[in-house]
Number of protein chains: 2
Amino acid sequence: MKKTIFVFSALIISLLVLFKLGEYSFISGNTSIEIVISIVAIVFLGIGLYINRRKAQSVREPNHVDFKKVKTLGISDREYEVLIEIAKGLSNKEIGKKLHISESTIKTHVSNLLVKLNAKRRTQAIQIAKELSLIPQ
Amino acid sequence: MKKTIFVFSALIISLLVLFKLGEYSFISGNTSIEIVISIVAIVFLGIGLYINRRKAQSVREPNHVDFKKVKTLGISDREYEVLIEIAKGLSNKEIGKKLHISESTIKTHVSNLLVKLNAKRRTQAIQIAKELSLIPQ
DNA sequence: AAACCATTCATACTAAAGTACCAAAAAGCT
DNA sequence: AGCTTTTTGGTACTTTAGTATGAATGGTTT
């Protein structure tokens, strides 16, 4: 909402500035009309592209993660790290090597994660974590 | 690439048309300069927003599935069905019940899928399938 | 200091996943 | 009809995943 107001304000200000420029070129002869029109074109193309970026970012938003929800579910930092690696498709042994801890410890973390995510399997945990935006899609 | 060429062509044509309009208003007096500038502004804002839409759609694309790639990898219809259920987090037994076939058959399909997707585990298969847009994110 | 939590690790076990190999219907193609 | 691929299923086996339980360590809170 704030973004929309900002964009429209910028639009109105740009219009006013450009009309002033139009008047100016009107007074000082019509030799620079093309230049003014070019500036108008570039500026408004820029505004269009700016709105573009804003929208494109809002579309990507579901890709974002909700760390608050992670803590709400009582998932610890280490457990969260393990969750990320599970989602990448690594085995317990591989995760252990990556985080420099034993496979046994990974099993403990995974077991805790399954309880906290209310999942029966690691594949289900991945699905649930993505639905809850705990991990990027 | 084709889109980019199209957009730039549209830009150049618009510029030429607007310069012609500029000349016209120059001949018939300067009373309509503001109108010309307004048209330029609206047209280029529209172009910017058009590029917006194109980009926004390409961002949403990863949500789409590429059935051609599924066939390219030699994944059969039934195997693909199993892949979808794996990604939902179901166990082999659960998939068997859902598709009304034995767990043994699911194991066969999964084993074939892992070879075709070049994955070691079903979790990795999910990750790879999503990267290749075989299944929706 | 005592209590608490996160992290680590181990053992022993059960369950699920995955491999290998085979085989037989069923469906599709030429 | 003959061939090929798909789909189905089984057995036997290995590997990985997951559970249950207990325990040690270090950091934080009360």
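Here the structure is a predicted model, which means the values were calculated and not measured.
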Touch class at under 4.0 angstrom, heavy-atom based, for B:Ser104 against every strand present: base

For atom OH of B:Tyr80 and atom C1' of D:dT6, their distance in whole Å: 18 Å

A:Arg78 vs C:dT8: side-chain N/O to OP1/OP2 distance below 4.0 Å: yes

Contact under 4.0 Å: A:Ser102 side-chain N or O vs C:dA10 OP1/OP2: yes

Approximate separation, where rounding is to 0.5 Å, of B:Ile86 CD1 and B:Asn92 CG: 7.0 Å

Atom NZ of B:Lys93 with >12 non-hydrogen neighbours under 6.0 angstrom: no

A:Arg122 vs B:Asn112, nearer the 5' end of DNA chain D by closest nucleotide: B:Asn112

Contact under 4.0 Å: A:Arg121 side-chain N or O vs D:dA17 OP1/OP2: no

Presence of salt bridge, A:Glu94 and A:Lys97, under 4.0 angstrom: no

Whole-Å distance separating the CD atom of B:Gln124 from the P atom of C:dG18: 11 Å

Nearest-Å distance for atom pair NZ/P, residues B:Lys71 and D:dT6: 12 Å

Residue from A:Val70, A:Leu113, A:Leu73 passing side chain to side chain contact (heavy atoms under 4.5 Å, CB included) with A:Tyr80: A:Val70

Under 4.0 angstrom between A:His109 side-chain N/O and C:dT7 OP1 or OP2: no

Nearest-angstrom distance from the residue atom NZ of A:Lys120 to C1' of C:dA17: 17 Å

Any A:Asn92 side-chain N or O less than 4.0 Å from OP1/OP2 of D:dT16: no

Sugar-phosphate, base or nothing in reach of A:Thr105, heavy atoms under 4.0 Å: base

Phosphate OP1/OP2 of C:dA16: any B:Ser91 side-chain N/O under 4.0 Å: no

B:Leu99 CG to D:dT6 C1', straight-line distance once rounded to whole Å: 15 Å

Within 6.0 Å of CG in B:Asp66, more than 12 heavy atoms from elsewhere: yes

Whole-Å distance separating the NZ atom of A:Lys107 from the C1' atom of D:dT15: 10 Å

Atom pair distance, as rounded to whole Å: CD1 in A:Ile75 and P in C:dT7: 12 Å

Atom-pair distance (CD1 on B:Ile95; C1' on D:dT7), nearest Å: 16 Å

Short side-chain N/O contact from A:Ser76 to OP1 or OP2 of C:dT7, under 4.0 Å: yes

